[in-house]
Amino acid sequence: MSNRPRILIVGSAGQVGRELQRSFSDAGEIVACDRKSLDLAAPDQVRETLRGAAPDIILNAAAYTAVDRAETEPDAAMAVNATAPGVMAEEALRAGALLVHYSTDYVFDGKKSGPWVETDSPNPLNAYGASKLAGEQAIQRVGGKYLIFRTSWVYGPHSNNFLRTMLRLGRERDSLKIVDDQFGAPTSSIELANATRTVVDGALAGQFGAADTWSGLYHMTCSGRVSWCGFAQAIFARAQAHLDGRKPEVNPIPSSEYPVPAMRPNNSVLSNEKLFARFGVRLSPWESALNEVMSKLEKDSAK
Ligand SMILES: NC(=O)c1ccc[n+]([C@@H]2O[C@H](COP(=O)([O-])OP(=O)(O)OC[C@H]3O[C@@H](n4cnc5c(N)ncnc54)[C@H](OP(=O)(O)O)[C@@H]3O)[C@@H](O)[C@H]2O)c1
C-alpha cells in the first residue's frame, strides 16, 4: 500500500458515514459513495464500483437501518445488510484491501443480565438484527482483512437519530412518554468514527501484528448504560440552551405501552473489553459523548 491509501467510504451520507469522512479526511485519498452513486441492493453494482475504485480500505457505513420497516421488508434488509457486505468482503479479499463494517447490539435477544461479549450467542428478535447478523457471518465466511464493529444506539449531530428527535419533540411538546425498560449504551457517531480511525491506523501500521491476529469482530460502544428514558432526561438536562430554556417532562413507560412492529432487546449493553485488550482503545462514557455532540450542535446553530 502506498503512503496515501485509497479509502472508499460507502454510506457517506449517513450519520456514521459523515463522521468517517471527517475522521479519515487526512488519512489518504477519500472516495465517498452515497446511495445515489452506489446502490447496495444491486450486488453487481457493488462489485463493479469496488473494482473501479480499487480501494486499500473500504469503510462500510451503509445499511438498511429502518428497524421497524424491516419487519415488512426483510428481503430488502437482507440485500443491503447481508448480501452486499458479503460481496464487499469477497472484493476486499481479492484486492488485499481492509474491510471495516458496522453491526449492531440488536443481534442479541437482551436476556442476559450483564454486558454482552463477542462470544455470546446471538439471537436477534427482529428482521433488522437477523439481517445484520447474516452480514457479519457473510464477511466472516469470506475472511481476509476485516474489522466488524458492533455498536449501539448511534446518534450524532447529523441525520435522523434519537437525540435530534428528542430536540424536535422538546420544542413541540410539554411532556413525553419514553420507554424505560430497554437498556443500552448511546454511542456518538463522533466517538465511533474517531475510534475507527485509531484502530485502522494502528492495524495498518503493523502495531497489532499480522492481519490474521487482529481481523475479527469487536464490540465498540461508548461506556456506561442507560434506558431510553434516562437518555432523554439527560438530553433535556443538557439541552436548555438549544430549547430556549424549555424542559419537557419525561415520563417513563414500559415497552408494552409503546407498541412498535419490531421487538427490541431489554438489555443490549455490550462489553468493550476485547477492543481495549486488542487495540488499547476505549470510547468515552456516553454522558461526555453527549456533551460533545450537544456542544457541536450549539456551535453549529450559532454560526
Ligand atoms: N443507528 C443506530 O442506532 C445503529 C445502532 C447499531 C448499529 N448501527 C450500524 O451502524 C452503521 C451506520 O449506521 P448509521 O446510524 O450511520 O445509519 P444511517 O444514518 O441510517 O445511514 C445509513 C446510510 O446507508 C444508506 N443506505 C441505505 N440503503 C442503501 C442502499 N441500498 N444503497 C446504498 N446506501 C444505502 C442510507 O442512505 P439513505 O439516507 O439514502 O437511506 C444512509 O445514508 C450501520 O451498519 C448500522 O447498522 C447503527
Side-chain angles (χ1 to χ4, degrees), residues 8-23 32-50 58-70 73 75-85 87-88 99-108 116 122 124 126-136 138-139 146-166 182 184-193 195-196 217-222 228 231 262 264-265 268-270 283 286 289 293:
L8 180 70
I9 302 181
V10 182
S12 59
Q15 48 176 349
V16 174
R18 287 182 63 152
E19 288 303 324
L20 287 171
Q21 288 189 71
R22 174 195 54 75
S23 68
C33 282
D34 60 10
R35 188 205 281 257
K36 283 197 284 302
S37 48
L38 172 58
D39 181 1
L40 294 198
D44 290 348
Q45 212 189 97
V46 176
R47 213 177 281 286
E48 199 180 308
T49 303
L50 261 59
I58 303 159
L59 304 175
N60 178 28
Y64 183 114
T65 53
V67 176
D68 289 312
R69 189 149 38 94
E73 295 182 352
D75 294 346
M78 275 291 174
V80 176
N81 292 347
T83 310
V87 172
M88 287 185 203
L99 172 63
V100 178
H101 176 79
Y102 297 92
S103 188
T104 175
D105 52 334
Y106 284 6
V107 299
F108 293 117
W116 295 88
N126 56 48
Y128 165 76
S131 70
K132 294 295 293 182
L133 176 61
E136 294 178 359
I139 294 170
Y146 71 89
L147 291 163
I148 300 171
F149 296 129
R150 271 189 198 144
T151 189
S152 65
W153 297 26
V154 179
Y155 70 97
H158 313 291
S159 307
N160 292 329
N161 58 57
F162 185 80
L163 166 68
R164 287 168 51 98
T165 302
M166 286 302 114
Q182 291 168 24
T187 299
S188 89
S189 51
I190 298 175
E191 284 280 315
L192 192 60
T196 301
L217 169 71
Y218 298 85
H219 292 171
M220 183 187 269
T221 71
C222 281
W228 288 113
F231 187 32
R264 267 85 167 162
S268 68
V269 177
L270 306 180
L283 278 64
W286 69 264
V293 173

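Note that the structure is predicted; figures quoted are calculated from it, not measured. By convention here, the first residue in the shown sequence is residue 1. Order of listing sets the numbers, starting from 1, for every ligand and every atom in it. Reckoned from all heavy atoms, side chains included, excluding hydrogens, waters and symmetry mates.
Inter-residue side-chain proximity for W116 and R150 is flagged as unmet; no heavy-atom pair is nearer than 4.5 Å.
If you take CG on L192 and OG1 on T221, they are separated by 9.5 Å, rounding to the nearest 0.5 Å.
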Would you mind writing out a table of all protein N or O atoms found under 3.5 Å from any N or O atom of ligand 1, naming both atoms and giving the distance to 0.1 Å?
{"from": "ligand 1", "atom 1": "3 (O)", "to": "V154", "atom 2": "N", "distance (Å)": "2.9"}
{"from": "ligand 1", "atom 1": "15 (O)", "to": "Q15", "atom 2": "NE2", "distance (Å)": "2.9"}
{"from": "ligand 1", "atom 1": "16 (O)", "to": "Q15", "atom 2": "N", "distance (Å)": "3.3"}
{"from": "ligand 1", "atom 1": "16 (O)", "to": "V16", "atom 2": "N", "distance (Å)": "2.9"}
{"from": "ligand 1", "atom 1": "19 (O)", "to": "Q15", "atom 2": "N", "distance (Å)": "3.0"}
{"from": "ligand 1", "atom 1": "20 (O)", "to": "T65", "atom 2": "OG1", "distance (Å)": "2.7"}
{"from": "ligand 1", "atom 1": "24 (O)", "to": "A63", "atom 2": "N", "distance (Å)": "3.1"}
{"from": "ligand 1", "atom 1": "24 (O)", "to": "A63", "atom 2": "O", "distance (Å)": "3.4"}
{"from": "ligand 1", "atom 1": "28 (N)", "to": "R35", "atom 2": "NH2", "distance (Å)": "3.3"}
{"from": "ligand 1", "atom 1": "31 (N)", "to": "D39", "atom 2": "OD1", "distance (Å)": "2.9"}
{"from": "ligand 1", "atom 1": "32 (N)", "to": "L40", "atom 2": "N", "distance (Å)": "2.8"}
{"from": "ligand 1", "atom 1": "40 (O)", "to": "R35", "atom 2": "NE", "distance (Å)": "3.0"}
{"from": "ligand 1", "atom 1": "41 (O)", "to": "R35", "atom 2": "NH2", "distance (Å)": "2.8"}
{"from": "ligand 1", "atom 1": "43 (O)", "to": "G14", "atom 2": "N", "distance (Å)": "3.2"}
{"from": "ligand 1", "atom 1": "45 (O)", "to": "Y102", "atom 2": "O", "distance (Å)": "3.2"}
{"from": "ligand 1", "atom 1": "45 (O)", "to": "K132", "atom 2": "NZ", "distance (Å)": "2.8"}
{"from": "ligand 1", "atom 1": "47 (O)", "to": "Y128", "atom 2": "OH", "distance (Å)": "2.7"}
{"from": "ligand 1", "atom 1": "47 (O)", "to": "K132", "atom 2": "NZ", "distance (Å)": "3.0"}

Before giving the answer on side-chain hydrogen bond (donor to acceptor under 3.5 Å, both in side chains), spell out for S103 and E136 the whole-Å C-alpha distance, their side-chain angles and the decisive distance to 0.1 Å. CA-CA 7 Å; S103 188; E136 294 178 359; 2.7 Å; yes
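Taking the ring pair (Phe, Tyr, Trp, His ring centres under 6.0 Å) definition, one finds that W153 meets it with W228, sequence neighbours left out. Contacts of Y218 classified as ring pair (Phe, Tyr, Trp, His ring centres under 6.0 Å), with partners at least two apart in sequence or in another chain: F279. By the salt bridge (charged side-chain N to carboxylate O under 4.0 Å, His left out) test, R264 is found to be paired with D68, residues two or more places apart in sequence or in another chain being considered.
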